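Following: one structure in structure tokens, then a few remarks.
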Amino acid sequence: MHTFVKGEPNWVGPLNANFQEVAATAGSAIPASEKGAAGGVATLDGNGKLVQMPTAEDVGAMAVDAIQSGSNSNGSYIKWSDGTMIAYGVVTSQSIPANSTTGITGQSVLFPASFVGSPSVTLTALADTTSHFSAKLGGVTATLWWGSITNGSDYARDVPVHWQAIGRWK
């Protein structure tokens, strides 16, 4: 093994020799049964290309098909392979009279995909003012939620309610 000195001329040849020596030593350290085998060590073909590409799991990444997502008229959802699901959407309540509380959409709101149990749901009433509006969750099941919105202002308003649910899909 060549030891390099700062400023040494003609360093490319010795460097290549070092790589060849390391490759020869490492090549004999890996059992032939593991070279190019699934879950083993990737090897190069005669053109210098990988014989076996590592999978996403080999390098610690999540596989492309580990996440499923979609949307429909009820909202959007993302499912992870560990069973976690997040669903979210926006509903606009009907006109809410001044100083009153009204059910959101007047009925229950279906999730875009079903949970296996009741998820945790968060509601946020969005308005162009910082006060006088609130959203209240009335109840949650594995397939839907319901709630109400309070308008504490002096005029009727349509207030969109953003919702997010986190739970299990399997």
Side-chain angles (χ1 to χ4, degrees), residues 26 30-31 33-45 47-170:
I30 300 169
S33 63
E34 292 183 19
K35 292 181 182 178
V41 178
T43 58
L44 302 178
D45 64 15
N47 297 321
K49 296 190 179 196
L50 282 174
V51 173
Q52 174 202 357
M53 287 297 292
T55 65
E57 291 83 3
D58 290 339
V59 295
M62 185 176 285
V64 175
D65 62 350
I67 297 177
Q68 176 189 2
S69 63
S71 61
N72 56 39
S73 61
N74 299 327
S76 300
Y77 64 90
I78 304 169
K79 293 180 179 181
W80 279 268
S81 60
D82 71 351
T84 302
M85 181 168 73
I86 296 177
Y88 55 95
V90 179
V91 292
T92 302
S93 185
Q94 63 277 9
S95 182
I96 305 162
N99 298 304
S100 66
T101 299
T102 304
I104 296 173
T105 73
Q107 58 190 3
S108 56
V109 179
L110 293 172
F111 292 121
S114 294
F115 292 89
V116 293
S118 296
S120 175
V121 177
T122 304
L123 305 178
T124 305
L126 295 181
D128 57 2
T129 60
T130 57
S131 62
H132 303 298
F133 299 97
S134 63
K136 179 182 176 187
L137 187 62
V140 179
T141 71
T143 59
L144 55 86
W145 63 271
W146 63 94
S148 60
I149 189 159
T150 298
N151 176 0
S153 73
D154 293 331
Y155 53 94
R157 289 286 303 268
D158 289 342
V159 178
V161 176
H162 289 236
W163 60 269
Q164 182 180 47
I166 301 173
R168 310 284 304 166
W169 66 272
K170 69 176 183 174

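This one's a predicted model, so the numbers in the text were calculated from it and none came from an experiment.
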Taking C-beta and beyond as the side chain, do Asn99 and Asp154 meet within less than 4.5 Å on heavy atoms? yes
Do you know the tightest heavy-atom contact between Ser76 and Pro112? O-CG, 3.3 Å
Between Phe111 and Asn74, which heavy-atom pair has the shortest distance, and what is it? O-ND2, 3.7 Å
Rounded to the nearest 0.5 Å, what separation is found between the CH2 atom of Trp146 and the CG atom of Leu110? 11.5 Å
Nearest 0.5 Å, please: how far is CD1 in Ile78 from OG1 in Thr84? 11.5 Å
Distance-only donor-acceptor hits, side chain of residues 118-126, under 3.5 Å, sequence neighbours excluded:
| from | atom 1 | to | atom 2 | distance (Å) |
| --- | --- | --- | --- | --- |
| Ser118 | OG | Val140 | O | 3.3 |

For the student: nearest non-hydrogen atoms of Tyr155 and Ser153, plus distance: O-OG, 3.0 Å
Residue pair Gln164 / Ile86: nearest heavy atoms and the distance that separates them: NE2-CG2, 3.8 Å
Between CH2 on residue Trp169 and CZ on residue Phe115, distance to nearest 0.5 Å: 12.0 Å
Is atom NZ of Lys136 surrounded by more than 12 heavy atoms (other residues, nucleotides or ligands) closer than 6.0 Å? no
Compare all side-chain heavy atoms of Asn151 with those of Phe133 and state whether any distance is below 4.5 angstrom. yes
State, with a plain yes or no, whether a side-chain heavy atom of His162 is found less than 4.5 Å away from one of Val90. yes
Specify the closest pair of heavy atoms between Ala113 and Lys79, including all atoms of both residues, with the distance to one decimal. CB-CE, 4.2 Å
Rounded to the nearest 0.5 Å, what separation is found between the CE atom of Met85 and the CH2 atom of Trp80? 10.5 Å
